[in-house]
Number of protein chains: 2
Amino acid sequence: MSQSFTEENYLKAIYKLSRRSDKGVSTNALAERMETKASSVTDMLKKLAAKKLVNYEKYQGVTLSKKGQQIAVDIIRKHRLWEVFLLEHLGFSGEEVHQVAEELEHINSETLIDRLDKFLGYPKYDPHGGPIPDSKGVFPEPKRVKLDELEVGRKTKVMGITEHSDAFLSHLKKLGLELGTNFHLKERFDFDRSVEIELNGKTVQLSYDVAKNIFVSHNS
Amino acid sequence: MSQSFTEENYLKAIYKLSRRSDKGVSTNALAERMETKASSVTDMLKKLAAKKLVNYEKYQGVTLSKKGQQIAVDIIRKHRLWEVFLLEHLGFSGEEVHQVAEELEHINSETLIDRLDKFLGYPKYDPHGGPIPDSKGVFPEPKRVKLDELEVGRKTKVMGITEHSDAFLSHLKKLGLELGTNFHLKERFDFDRSVEIELNGKTVQLSYDVAKNIFVSHNS
DNA sequence: ATCTATTTTTAGACTTATCTAAATATTAGT
DNA sequence: ACTAATATTTAGATAAGTCTAAAAATAGAT
């Protein structure tokens with residue numbers, strides 16, 4: 001069975017919205033995410049339910065079926081692999097990436113995506129730190145952690161960020177932090193959860209708001 | 001203005017069918033190419049005409065407008081650039097390439113395609129010898145060479161002739177060779193410099209006197 | 001427990017791209 | 001030039017995805 005782009009986008013949206021609340025996803029939440037009307041969502045949910053891609057009961061919200069989840073995860077795999085390609089090989093940066101990957105993720109060829117995966121060296125994380133599931137839909141063990149959770153004393157490395165505003169990016173740049181930058185976590189101050197790190201011999205302070213948006217490696 | 005995938009495919013089909021007959025393209029030819037019905041084609045032609053992408057008059061066939069041609073050429077650019085990527089970087093071969101490129105060609109991002117072009121080293125021809133137009137829609141000058149100098153094994157095309165006698169012209173006609181005819185150079189016989197070519201499934205012998213008077217494409 | 005506000009669904013309509021079947025125009029053969 | 005064959009267009013229907021407006025269900029406040 002095959003899905004339209006629209007159906008795939010609904011499945012992906014349901015997947016993402018399900019992550020942070022193990023209740024079913026509400027029609028309105030989905031409508032907002034999809035930038036459409038609640039009535040349109042209801043129509044689509046009926047269609048997806050008929051295809052057994054979601055579990056849907058009137059007024060009760062929706063969850064993904066096994067099949068629906070597989071499809072959603074596969075789209076995420078494609079999206080993230082394309083992001084790696086765009087960022088690491090085509091020199092994309094910032095916002096453009098996401099927009100283009102949104103289109104590329106719907107290209108429908110197992111061969112293509114497996115070869116792309118190989119070309120990229122079987123990456124386990126995208127440049128924003130998002131884990132990339134393998135061709136069977138299995139996510140890698142996360143051996144990354146947000147900087148606000150790392151133990152004091154560790155030597156570590158920037159693996160990704162979870163905030164992509166220009167303001168944040170330029171702030172990081174000024175601090176000397178970018179993807180792959182190695183540094184040492186010296187101290188954490190409990191009263192505001194800010195941290196002190198050392199990179200390239202310089203000591204730098206990072207607020208909690210900065211630290212919580214930085215993924216760092218947690219090697220063993 | 002923006003086009004749907006379907007509209008883009010129609011424009012591309014009209015472009016391709018226009019290449020081989022400078023009359024307008026017939027509804028039926030288009031229907032066959034698009035694997036659809038003539039009535040559907042008529043509907044679409046009206047739509048494209050309303051958008052000023054084609055010149056269409058009832059029963060008179062269709063041609064591309066300037067705008068329509070730009071779009072068609074841009075799709076061909078994208079298609080061929082993706083083919084280069086798939087073949088040279090992802091290790092694709094043969095038929096799969098075309099199918100996947102058919103999907104990729106509709107991805108809609110100037111930035112993406114310009115960066116891909118750069119990544120690939122601004123190729124002028126795809127791996128099948130198809131010329132790749134630049135970002136302004138300009139095709140590269142086709143390099144020409146006399147058939148007696150072409151390397152054995154090449155797929156090529158008649159680009160011109162240097163002898164214009166009736167005798168020569170009618171000889172070519174009988175052999176099935178005319179301007180634009182595609183063929184494959186199978187073998188060259190050293191003792192008389194004659195060549196063996198294959199066109200439309202037929203194997204044909206050409207003497208050196210014939211071969212030296214035919215310009216063929218040499219898409220390096 | 002009831003009434004109100006919110007959420008969700010239904011009903012009916014629109015658009016895009018398609019189809020079949022019937023009508024009309026063009027072309028070719030004599 | 002006329003008819004037969006072919007090509008093309010029209011008319012009316014269908015399916016996907018969307019919308020607005022109205023009805024129905026659920027949740028919240030007292």
Side-chain angles (χ1 to χ4, degrees), chain A residues 1-14 17-18 20-64 68 71-72 75 102-103 105-106 108, chain B residues 1-14 17-18 20-64 68 71-72 75 102-103 105-106 108:
Chain A
M1 201 194 302
S2 171
Q3 300 76 48
S4 68
F5 286 17
T6 308
E7 288 171 333
E8 291 187 350
N9 283 330
Y10 271 92
L11 293 174
K12 190 174 63 152
I14 295 165
L17 291 170
S18 295
R20 292 277 168 188
S21 71
D22 53 17
K23 298 261 66 170
V25 175
S26 78
T27 301
N28 267 359
L30 213 36
E32 191 183 349
R33 177 98 180 191
M34 298 295 297
E35 295 181 314
T36 184
K37 295 295 149 69
S39 56
S40 305
V41 172
T42 301
D43 288 345
M44 179 55 82
L45 293 183
K46 285 181 190 168
K47 210 160 297 174
L48 293 173
K51 289 187 172 193
K52 312 246 190 224
L53 299 175
V54 300
N55 310 116
Y56 168 64
E57 276 180 273
K58 275 188 185 186
Y59 298 104
Q60 302 312 129
V62 70
T63 58
L64 291 175
I71 293 167
I75 294 165
E102 286 290 307
E103 297 199 43
E105 74 188 5
H106 299 294
N108 191 328
Chain B
M1 199 194 303
S2 170
Q3 301 76 48
S4 67
F5 286 16
T6 307
E7 287 171 333
E8 291 186 351
N9 282 331
Y10 271 93
L11 293 174
K12 190 173 63 151
I14 296 166
L17 291 170
S18 294
R20 293 276 169 183
S21 71
D22 53 20
K23 299 260 64 169
V25 175
S26 78
T27 301
N28 267 0
L30 213 35
E32 191 182 352
R33 177 99 180 192
M34 298 295 295
E35 295 181 313
T36 184
K37 295 295 149 71
S39 56
S40 305
V41 172
T42 301
D43 288 345
M44 180 55 81
L45 293 183
K46 285 181 190 167
K47 210 160 297 174
L48 293 173
K51 289 187 171 192
K52 310 246 191 228
L53 299 175
V54 300
N55 311 114
Y56 169 63
E57 277 181 90
K58 277 188 186 187
Y59 298 103
Q60 300 314 128
V62 70
T63 58
L64 291 176
I71 293 167
I75 295 166
E102 286 290 306
E103 296 199 43
E105 74 189 5
H106 299 293
N108 191 328

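Below, chain A is the first sequence line, B the second, and so on; all start at residue 1. Hydrogens, waters and symmetry mates play no part in the numbers below; they use all other heavy atoms, side chains included. From a predicted model like this one, the values you see are computed outputs, not experimental measurements.
Protein atom CG of B:Leu30 is 14 Å distant from nucleotide atom P of C:dA17, rounded to whole Å. Atom NZ in B:Lys37 sits roughly 19 Å away from atom P in D:dA13 (whole-Å rounding). Taking atom OH on B:Tyr10 and atom P on C:dT16, their separation rounds to 15 Å, with Å as the unit. In this structure, CG of A:Asp43 is placed 8 Å from C1' of D:dT18, rounded to the nearest angstrom.
Backbone-only contact: B:Thr6 has heavy atoms under 4.0 Å from sugar-phosphate atoms and none from a base. Residue contacts for B:Thr42: at a heavy-atom cut-off of 4.0 Å it reaches a base atom on one of the strands shown. Residue contacts shown for B:Ser40 include a base, since a base heavy atom lies under 4.0 Å away.
The phosphate of D:dG17 has OP1 or OP2 within less than 4.0 Å of a side-chain N or O from A:Ser4. Listed pair B:Lys58 / D:dT10 meets the phosphate criterion, a side-chain N or O lying under 4.0 Å from OP1 or OP2. For the pair A:Asn28 and C:dT8, the criterion of a side-chain N or O lying under 4.0 Å from OP1 or OP2 is met. A close approach under 4.0 Å does not occur between any side-chain nitrogen or oxygen of B:Lys46 and OP1 or OP2 of D:dT9. Taking only side-chain nitrogens and oxygens, B:Thr36 never comes nearer than 4.0 Å to OP1 or OP2 of C:dA17. Within the 4.0 Å cut-off from OP1 or OP2 of C:dT9, at least one side-chain nitrogen or oxygen of A:Tyr56 is found.
For the pair A:Ser18 and A:Val25, the tightest heavy-atom approach, listed with the atom from each and the gap, is OG-CG2, 3.5 Å.
When the nearest nucleotides of DNA chain D are assigned to A:Phe5 and A:Gln60 by heavy-atom distance, the more 5′-ward of the two goes with A:Phe5.
Nearest nucleotide to the B:Met44 side chain, out of D:dA11, C:dA17, C:dT9: C:dA17.
How far NZ of B:Lys58 is from NZ of B:Lys46: 7.0 Å, rounded to the nearest 0.5 Å.
With contacts defined as side-chain heavy-atom distances shorter than 4.5 Å, the pair A:His106/A:Asn9 qualifies.
A:Ser26 contributes no side-chain N or O that forms a donor-acceptor pair with the base of C:dT7 under 3.5 Å.
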